[in-house]
Amino acid sequence: MDYDVLILGGGLSGCAIAYELSKYSLNIALIEKDYDIADDISLVNTAVIYDGIENEYDLMAKLEQEGNRDFDELTSKFKVPFKRMGTLILAREEAHEEILKDMYNKAIKRNIQDIALLSSKYIKQIEPNLNMDFIGGIYTEHTGVVCPYDLAIAYGEVAFDNGVKFKLEEEVIDIEKISKGYRVTTNKNKFKCKIVINTTPGENYSIDVEKKELPKKFIGNVKYLLLDKNFKRNLDHILCLINNKNEKIMVVPTLQDSTIVAMYSKENISYDYFINNISNIFSNIDTNYIRNFYQGKFYQSSMVIDDSSIDEGYIKVDGKNYSEVTMTPFIARMICETVVNNLKCKLNKDFNDKRREFYKFRDLSDEEIDQVISMNEKYGKIICHCQRVTEGEIIDAIRRPLGARTLEGIKRRTGAAYGGCQGANCINKIIAILARETNKNFTDIVKDSKDSKVVLSRIKEFDEV
Ligand SMILES: Cc1cc2nc3c(=O)[nH]c(=O)nc-3n(C[C@H](O)[C@H](O)[C@H](O)COP(=O)(O)OP(=O)(O)OC[C@H]3O[C@@H](n4cnc5c(N)ncnc54)[C@H](O)[C@@H]3O)c2cc1C
């Protein structure tokens, strides 16, 4: 056997499972087709940590509740930005009062703690900067906001430091059952292992042919705006505005001083309809504050952790759900328990549950900055002025365990190029540092995937004039 456990897919799920399993004495590898882990987590580095109140399904709500409880300990030991903010779920019209009451009663049955039904006057007290009238709402205390890239990368780094082998740029082509365990074929290798944990969305492997495909439940469309720090509304909570047309608007203060406003709808809503609805809440949104606009599909299928074949050594994590970040710590622990029981393995006595130190210049005091610069002068050279990211941080992001090799990898790990200028002033400098540190040509550095070159060729290098 090449490995005890092969984890397929290096998204948040794969990295979290790798971390949990690295606490045991196992020979583990993770296979990811992209250049970096956690490529598809989120459009911006912000995810809401739900508490189970909003989910349509009791079982998914339970996974949210269990996952939610892990976040304080997890984020504090990994130094991942996380803040419990609480959510105000609000209704504007009398006709929507029933929706609130149903939601509240369901939450009580689910045993969700620290929630309250609010009349309009209390809403103003809790969120005084909301200049709009609501007929009522629900306050729920334990929701929060996390930086999901940081979480996935932290999981990955600690797993890597504890011996998990990460095989990046390697695509799984097939998984077959063999007499003792599995054979996993990639575009580069063939591996034998006792247990496969498959977190990739692929359905076409030999092992899956017999299995039923999960129905992907289509919910609708989502449009997002990312508003920069000049859109000052000083909101202390996540807001969720509901109505009976199966539309909701979410307003999420991010941990990077910006605000996300998202509208979910079953209909294919237009940009103008979206903007009009938001303008009703926040009069006159200055379009200069819009840093980014995204739109996409919004799916909610149930998450399925299919361990029905665990006796043979196969576990599949399937489903697409808007609250998977919230559920992941719990799902990873569950899967780990199943594997440990199956293989009857022992704890890894050398396991080190500590992430290697790093410095975030913009969070340091003047004294700390002086101290760090005196140790390494590269921390004295700012590369991204909008986000105050230094050359020292970029070099560290490259040299760390599972270090960045792409422009996106640097952006995610350091926050560089996410500011007002969106990288206009720093992308070239970051590429130059990446090229120097990885011993590559400037023109070989990619944005994220194989064919995503950022700089095509040197200026004035033409085939013909
Ligand atoms: C826009 C957006 C907003 C979200 N907001 C929230 C939120 O606010 N709160 C919340 O709780 N959750 C949120 N989520 C959900 C959450 O971010 C994702 O569902 C979660 O990151 C999925 O992680 P995963 O590891 O299961 O899947 P993925 O991230 O899809 O990971 C699967 C990995 O497998 C790799 N892979 C695929 N095929 C192969 C192959 N053949 N060989 C090798 N590797 C392969 C892929 O490259 C990928 O890295 C959001 C998701 C999106 C898209």
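As the structure lists them, so they are numbered: ligands from 1, and atoms in each ligand from 1.
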Worksheet entry | Validation row, ring centre Phe160 to ring centre Tyr155 under 6.0 Å | no

Worksheet item: Can you tell which of Glu32, Lys33, Lys167 gets a heavy atom nearest to atom 37 (C) of ligand 1?
Response: Lys33

Worksheet item: Which of parallel (below 30°), tilted (30 to 60°) and perpendicular (above 60°) describes Tyr139 and His237?
Response: perpendicular

Worksheet, complete the sentence: ligand 1 atoms nearer than 4.0 angstrom to some heavy atom of Tyr205 are 40 (C), 41 (N)

Item to complete: Using the six-membered ring of Tyr182, assess whether NZ or CZ of Lys177 lies under 6.0 Å from its centre and within 45 degrees of the ring axis.
Response: yes

Worksheet item: Would the number of heavy atoms belonging to other residues, nucleotides or ligands and lying under 6.0 Å from NZ of Lys229 be above 12?
Response: no

Discussion item. Between ligand 1 and Leu12, is the shortest N or O to N or O distance under 3.5 Å?
Written reply: yes

Worksheet item: Does ligand 1 have a heavy atom under 4.0 Å from the side chain of Asp34, from its backbone, from both, or from neither?
Response: side chain

Item to complete: Consider ligand 1: state whether an atom of it lies below 4.0 angstrom from any non-hydrogen atom of Leu8.
Response: no

Worksheet item: Atom OG of Ser270 and atom CG of Asn276: how far apart are they, to the nearest 0.5 Å?
Response: 7.5 Å

Practice prompt. Compute the centroid of each ring, for Tyr264 and then for Tyr322, and state whether the two points are separated by less than 6.0 Å.
Written response: no

Practice prompt. Could you list all the salt bridge (Lys or Arg N to Asp or Glu O under 4.0 Å) pairs where at least one residue sits in residues 137-157, not counting sequence neighbours?
Written response: Asp150-Lys360, Glu157-Arg355, Glu157-Arg400

Discussion item. Check for me whether Asn321 has a heavy atom closer than 4.0 Å to any atom of ligand 1.
Written reply: yes

Item to complete: Return the option from Gly9, Ala47, Gly11 holding the heavy atom at the smallest distance from atom 28 (P) of ligand 1.
Response: Gly11

Worksheet entry | Over 12 non-hydrogen atoms of neighbours within 6.0 angstrom of CD in Glu337 | no

Worksheet item: Between Arg356 and Asp396, is there a salt bridge with N-O shorter than 4.0 Å?
Response: no

Discussion item. At under 4.0 Å between heavy atoms, is it the side chain or the backbone of Tyr35 that contacts ligand 1, or both, or neither?
Written reply: neither

Item to complete: Could you tell me whether Arg333 and Asp70 have a side-chain N and a carboxylate O separated by less than 4.0 Å?
Response: yes

Worksheet item: Judged by non-hydrogen atoms, does Glu64 sit under 4.0 Å from ligand 1?
Response: no

Fill in: Contacting atoms of ligand 1, where contact means under 4.0 angstrom from a heavy atom of Val48
7 (C), 8 (O), 9 (N), 10 (C), 11 (O)

Fill in: ligand 1 atoms in contact with Glu170 (distance to a heavy atom under 4.0 Å)
43 (C)

Discussion item. Between the side chains of Glu32 and Lys167, is the shortest nitrogen-to-carboxylate-oxygen separation below 4.0 Å, so that they form an ion pair?
Written reply: no

Practice prompt. Could you say whether the N/O atoms of Thr200 and ligand 1 ever approach to under 3.5 Å?
Written response: no

Discussion item. Against ligand 1, does Tyr50 come closer than 4.0 Å with any heavy atom?
Written reply: yes

Worksheet item: Any Lys/Arg nitrogen of Lys447 or Glu408 sitting under 4.0 Å from an Asp/Glu carboxylate oxygen of the other?
Response: yes

Worksheet item: Does Thr199, backbone or side chain, put an N or O under 3.5 Å from an N or O of ligand 1?
Response: no

Worksheet item: For Ala38, is at least one N or O under 3.5 Å away from an N or O on ligand 1?
Response: no

Worksheet item: Going by heavy atoms, is Asp39 under 4.0 Å from ligand 1?
Response: no

Worksheet item: What residues, two or more places apart in sequence or in another chain, satisfy side chain to side chain donor-acceptor pair (under 3.5 Å) together with Asn277?
Response: none

Worksheet item: Mind checking whether Tyr149 has a heavy atom under 4.0 Å from ligand 1?
Response: no

Discussion item. If I apply the N/O under 3.5 Å rule, does Thr326 come out as touching ligand 1?
Written reply: yes

Discussion item. So, 4.0 Å and heavy atoms of Pro148: is ligand 1 close enough to count as a contact?
Written reply: no

Practice prompt. Of the side chain and backbone of Pro201, name the one, both, or neither that has a heavy atom under 4.0 Å from an atom of ligand 1.
Written response: side chain

Worksheet entry | Met327, portion touching ligand 1 at heavy-atom distance under 4.0 Å | neither

